[in-house]
Amino acid sequence: MKRAPASVRKRIGRLRAEIEHHNHRYHVLDDPEIPDAEYDRMMVELRALESEHPHLVTPDSPTQRVGGAPVSGFAEVRHRTPMLSLDNAFSREEVEAFDRRVRERLEADRDIEYACEPKLDGLAVSLTYRNGTLELGATRGDGAVGEDVTHNIRTIQSVPLRLAGRGWPTLLEARGEVFMSLAGFREMNRRAADKGEKVFVNPRNAAAGSLRQLDPRLAASRPLEIFFYGTGLAEGRKLPGRHSEILATMRDWGLRTSPEMRVVEGVDGMLGYYEQMGRRRARLPYQIDGVVYKVDSVARQRELGFIARAPRWAIAHKFPAEEEMTRVKAIEWQVGRTGALTPVARLEPVFVGGATVSNATLHNFDELQRKDVRVGDMVILRRAGDVIPEVVRVILEKRPSKTSIVRLPAACPVCGSSVEREEGEAIARCTGALVCSAQLKESLRHFASRRAMDIEGLGTSLIDQLVDAGLVENPADLYRLKVQQLEELERMGAKSAANIIESLGRSKATTLARFLFALGIRDVGESTADALARHFRTLEALRQATVSQIEEVPDIGPITAGHVHAFFAEKRNARVIDDLVRLGVHWPETRGAAARSNVLGGKTFVLTGALSSLSRDQAGDRIRELGGKVSGSVSKKTDYVVAGSEPGSKLRKATELGVKILGEDEFLRMLGDGG
Ligand code: IVH
């Protein structure tokens, strides 16, 4: 036999010690230090080394045991049938290999039927029902012996204390996963934070921690739920011959099972299910970390049997990890349109949630302080679905010895103006306003954006070039640009230069609401801009209004009114506005419209499909000008759904709810534009 080199022995020793340490943090303290993906990688490495050097395997190696050691404080429970674990597959190839092994062992010549279920991220439990009455609830523990948590299990609303229906086994071990919904988790952590108590790092640890509370009153206040996914011992009644039927039967007995369970055929069926659940994952109200495939036929399961700690007839197919760890290389400050300074962590690139991430926002200075992120720190990074990546927390155990706390800069990193933070505000701001090129660039981006002045072709990089070249110092300068000036810029051809001048020209015809929104007044979003335009009708009236007159606008409070007033009072702003109007920015005369500006009298419209005579944005503008509201989704409160060609599901919803549907002609007539 090949003797392992000392370096391999050393590596194995290190891995075992590290894994044991993390096992303790995870299973006993319910407070893991590192992401699961990191733990999985250590286990994979240890297993690989042990299978290369089998003589080094020891009975106490973490590869040889199923779960965590039980904590003291609970009575021990020996499971009547052991609670097994599952092997993991991380790729399509591993699923194919699983299916091949199954078919070879069964000598099957046709596709196998598999029951597919989500793999819930919670805590495995075994509930014993004797003559239909809940007698015992236990955690998995090490698979053979778990902890008696009956008193806490009883507090879970979805656990029946007595089975429903009839025909249940006289003795039944019902197996399932206790978990916490995302909403329940957030709510619980919010309450804990309010009281200055410890918050949990994720729903799974919150569920585990709650279930292992010694005081059942505490467990009862935690929003725990359960899905059952199988049985252990079942005495006194023969269960159905298919896993999917067993689940249906359990459901009849009042044991909640996952509504996502499907029976599929072969590898294609399994991979199809994986894809579909992967897409649904971000929308589920609870966390799942993969899917589980089980051979549906119980006879075939028996034939396949078990190896060591897992059945041969089932496998967990894991999703790419949503949490990974990486190092913070730098923390930089980004300056936004209103001067707000946002700390951004520059990271060593890491693959997480299906994408490589190298930056993550830290939101604001308070958040940075609360999380105490420092340059050089190892952090846990989370990227779930399309949500922007987030630094969850620092791994303090891995903090280098010399780090320095990041401070709020006294001067703006872009323009050097002083940075101010108002009493009680989380956000610090650069006071440089339009002197600050970062603020200027952001405000120009906003000014040009689709829902503001809608200047086609004026994107981020062109704005950077224009500001850096000193051609544009304020929004009015955009309308002073000449084709030649643009042509001289790098990467700009004659054709594109001409196109941009043309779209600048086109953008001059706008609405008062869009114009007000484009100015980027603090706290003035689209709907506030709209309310201002509707209330004052002309720009002049708004410019002359006092704070208290502005406060009369529906939905505008004193703070926003103050911002609006201050904006127009500021001389530089006044000059830019005058210039914009002089350079030709205009909107329909509101006098004529004023008389009918309330013809739609607050009615709510939803648009679906394409209209032939105007774009959706234009249609929205018209509705708002005439005093109507536009909403993105159909509800009972919707007054009209305007259906263009190829309408979407909104039309179906409208029909279901009995909402009035308008065709294009009818809609135009209502606007007074046609027919
Ligand atoms: S079946 C013999 N089904 O995953 C089969 N387990 O990694 C044993 N889990 O201990 C388990 N959802 O805590 C099964 N639909 C599901 C599951 C599931 C989550 C957990 C369970 C188990 C662990 C194995």
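One-based numbering, in listed order, for ligands and for the atoms of each. Computed from a prediction, not measured in an experiment: that's the story for all the values here.
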Report the nearest protein non-hydrogen atom to [atom]: residue, atom name, distance rounded to 0.1 Å.
{"atom": "atom 9 (N) of ligand 1", "answer": "E177 OE1, 3.6 Å"}
{"atom": "atom 4 (O) of ligand 1", "answer": "K119 NZ, 3.1 Å"}
{"atom": "atom 8 (C) of ligand 1", "answer": "L84 O, 3.8 Å"}
{"atom": "atom 3 (N) of ligand 1", "answer": "K294 NZ, 3.0 Å"}
{"atom": "atom 19 (C) of ligand 1", "answer": "L120 O, 3.3 Å"}
{"atom": "atom 5 (C) of ligand 1", "answer": "L86 CD2, 3.9 Å"}

Checklist line | R652, CZ atom: more than 12 neighbouring heavy atoms under 6.0 Å | finding: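 Counting neighbours around CZ of R652, 12 or fewer heavy atoms of other residues, nucleotides or ligands fall under 6.0 Å, so no.
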Next item on the list: Please say whether more than 12 non-hydrogen atoms of neighbouring residues, nucleotides or ligands are located less than 6.0 Å from CD in E397.
Entry: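 Count over threshold, so yes.
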For [X] and [Y], indicate whether the former's side chain and the latter's backbone hold a donor-acceptor pair under 3.5 Å.
{"X": "R382", "Y": "V392", "answer": "no"}
{"X": "N359", "Y": "V344", "answer": "no"}
{"X": "R222", "Y": "L211", "answer": "no"}

Element-labelled atoms of ligand 1 that are located less than 4.0 Å from some non-hydrogen atom of [X]:
{"X": "P311", "result": "2 (C)"}
{"X": "E117", "result": "3 (N), 15 (N), 16 (C)"}
{"X": "R140", "result": "10 (O)"}
{"X": "P118", "result": "12 (N), 15 (N)"}
{"X": "A124", "result": "10 (O), 13 (O)"}

Next item on the list: Quick one: look at V292 and ligand 1, take heavy-atom pairs under 4.0 Å, and tell me if it's side chain, backbone, both or neither.
Entry: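 Looking at V292 and ligand 1, just side chain atoms fall under 4.0 Å.
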Next item on the list: Determine whether the side chain, the backbone, both or neither of M83 has a heavy atom under 4.0 Å from any heavy atom of ligand 1.
Entry: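 Within the 4.0 Å criterion, M83 makes no contact with ligand 1.
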Notebook entry, point to check: Got a sec, which residues hit side chain to side chain donor-acceptor pair (under 3.5 Å) with R162, two or more places apart in sequence or on another chain?
Noted result: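 Side chain to side chain donor-acceptor pair (under 3.5 Å) list for R162, sorted by chain: T133.
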Is the distance between the ring centroids of [Y] and [X] under 6.0 Å?
{"X": "F185", "Y": "F200", "result": "no"}
{"X": "H22", "Y": "Y39", "result": "no"}
{"X": "Y114", "Y": "Y273", "result": "no"}

Check: Nearest non-hydrogen atom to atom 18 (C) of ligand 1 belongs to which of Y229, F306, W313?
Finding: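 Closest candidate by heavy-atom distance is Y229.
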